[in-house]
J.: 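The structure that follows is given in the form of structure tokens.
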Amino acid sequence: MIRLDGVEKTYRTRRGDLVRAVEDVTLHVEENEFVTLVGPSGCGKSTLLRLVAGLTPVTRGAIRVRDTAVSEPFTDVGFVFQQPVLLPWRSVLDNVLFSVEMLGLEPRQYRKQASDLLELTGLGGFETKYPRELSGGMQQRVAICRALLPDPSLLLMDEPFGALDAMTREEMSLELLRVWEERRKTILFVTHSIPEAILLADRVVVMTARPGRIARILEIGLPRPRTIESEFDPRFKAASDEVRSLIFARRAATR
């Protein structure tokens, strides 16, 4: 589904200095696979998502999605940001429909699908509410519905639960897993939370400090469907310990 081969991204600052965000990243993601990216702040996780989405060009290497080279933004992708970025003057339903409007599609033809998605994510009955009337977790559910409505095969999620409190974040992780089980997509998910990365993923990609490289890719052998009880599985702790050792041992080595 996704192939990154020897990908590098270098930015030039306003002062003219060159900054390598990611370097020599090679990663292949299978169709309907759930892959999480975890690593220190500033290691290029979000940059990789933007590269895959075609929002910014690679400096070196190649990215292909479904065997098509990525050189610009494309339609078969949904993007969920850390903030829900809802339009405050539009209702919940109209915010969800905004994604198909931006693709030049007729929103009236998608009202039933949008309502079904809201029902699926526990927002049935909130169609006419406005963002200011919703909690942070509910707003993020609207953002996820908006990304899912055009039925993209690829979903990119840039720490979508990072601004939520711990309990809501945990609830949203389980909600996302439930939706993913029902509507399988290929998901590339950025997070700073090690438990979240392990709970969600088929594989966890651990990145080094900038310039971001892949330190290791961990296969997560926990059975699905997963619940909070999955975190008490010895395999969960073993994976968590390994990710922590990779991140913090490398941090200590660079000091």
J.: Test side-chain contact (heavy atoms from CB on, under 4.5 Å) on I63 and V7 and set out the steps.
T.: CA-CA 7 Å; I63 299 177; V7 168; 3.7 Å; yes
J.: Hey, are the side chains of I187 and M157 touching, using non-hydrogen atoms and a 4.5 Å cut-off?
T.: yes
J.: When you measure from the side chain of T121 to the backbone N and O of L117, does any donor-acceptor pair fall under 3.5 Å?
T.: yes
J.: Is there a donor-acceptor pair under 3.5 Å between the side chain of S99 and the backbone N or O of R146?
T.: yes
J.: Got a donor-acceptor contact below 3.5 angstrom from the K129 side chain to the L134 backbone?
T.: no
J.: Quick one: are L155 and L148 in side-chain contact, heavy atoms under 4.5 Å?
T.: yes
J.: Inspect the contact between R226 and E229 and indicate whether a charged nitrogen and a carboxylate oxygen are less than 4.0 angstrom apart.
T.: no
J.: Taking the side chain as everything from C-beta on, heavy atoms only, tell me whether L154 gets closer than 4.5 Å to D76.
T.: no
J.: Starting at CD of Q83, measure out to CD of Q140 and round the result to the nearest 0.5 Å.
T.: 7.5 Å
J.: Please examine the side chains of I2 and H28, heavy atoms only from C-beta on, and report whether any two atoms are closer than 4.5 Å.
T.: no
J.: Between W180 and F34, how do the two ring planes meet: parallel, tilted or perpendicular, split at 30° and 60°?
T.: perpendicular
J.: Is D67 salt-bridged to R3, cutoff N-O under 4.0 Å?
T.: no
J.: Keeping the roles fixed (side chain from R184, backbone from E33), state whether a donor-acceptor pair exists under 3.5 Å.
T.: no
J.: State whether R169 and D165 are salt-bridged, where the test is any N-O pair (Lys NZ or Arg NE/NH1/NH2 against Asp/Glu carboxylate O) under 4.0 Å.
T.: no
J.: Decide side-chain contact (heavy atoms from CB on, under 4.5 Å) for R216 and E242; before the verdict, give the C-alpha distance in whole Å, the side-chain angles of both, and the deciding distance to 0.1 Å.
T.: CA-CA 10 Å; R216 193 170 303 169; E242 186 170 0; 2.7 Å; yes
J.: For residues I214 and L27, determine if any side-chain heavy atom of one lies less than 4.5 Å from a side-chain heavy atom of the other.
T.: yes
J.: Can you list the residues that meet the side-chain contact (heavy atoms from CB on, under 4.5 Å) rule with P211, with sequence neighbours excluded?
T.: R20, E23, R213
J.: Side chain of E133, backbone of Y130: donor and acceptor closer than 3.5 Å?
T.: yes
J.: With side-chain contact (heavy atoms from CB on, under 4.5 Å) as the test, would you mind laying out the steps for M1 and K185 before giving the verdict?
T.: CA-CA 10 Å; M1 180 64 177; K185 306 285 179 189; over 6 Å; no
J.: Looking at R111, I want to see if its CZ is surrounded by more than 12 non-hydrogen atoms of other residues, nucleotides or ligands under 6.0 Å.
T.: no
J.: Is R66 paired with E31 through a side-chain N to carboxylate O contact shorter than 4.0 Å?
T.: yes
J.: In plain terms, say whether E175 and R178 are close enough for a salt bridge, that is, a side-chain N and a carboxylate O under 4.0 Å apart.
T.: yes
J.: Counting only N and O atoms by type, is there a donor-acceptor contact under 3.5 Å from the side chain of T26 to the main-chain atoms of D5?
T.: no
J.: Could you go through the salt bridge (Lys or Arg N to Asp or Glu O under 4.0 Å) check for R224 and D202 one step at a time?
T.: CA-CA 10 Å; R224 295 188 184 276; D202 296 311; 3.1 Å; yes
J.: Can you tell me if T208 uses its side chain to pair, donor with acceptor, with the backbone of G212 under 3.5 Å?
T.: no
J.: Short question: side chain of E72, backbone of G54 - any donor-acceptor pair under 3.5 Å?
T.: no
J.: Should I198 and L222 count as side-chain neighbours, where that means a heavy-atom distance under 4.5 Å?
T.: yes
J.: Under a 3.5 Å threshold, yes or no: a donor from one side chain and an acceptor from the other, between E171 and S173?
T.: no
J.: Are L218 and L246 close enough that some pair of their side-chain heavy atoms sits under 4.5 Å apart?
T.: yes
J.: Heavy-atom distance under 4.5 Å between the side chains of P223 and R235, does that happen here?
T.: yes
J.: Ignoring hydrogens and angles, tell me if any N or O in the side chain of N95 forms a donor-acceptor pair with the backbone of S91 under 3.5 Å.
T.: yes
J.: Regarding S230 and D233, do their side chains bring together a donor and an acceptor under 3.5 Å, going by distance alone?
T.: no
J.: Kindly say whether P40 contributes a backbone atom to a donor-acceptor pair with the side chain of K45 at under 3.5 angstrom?
T.: yes
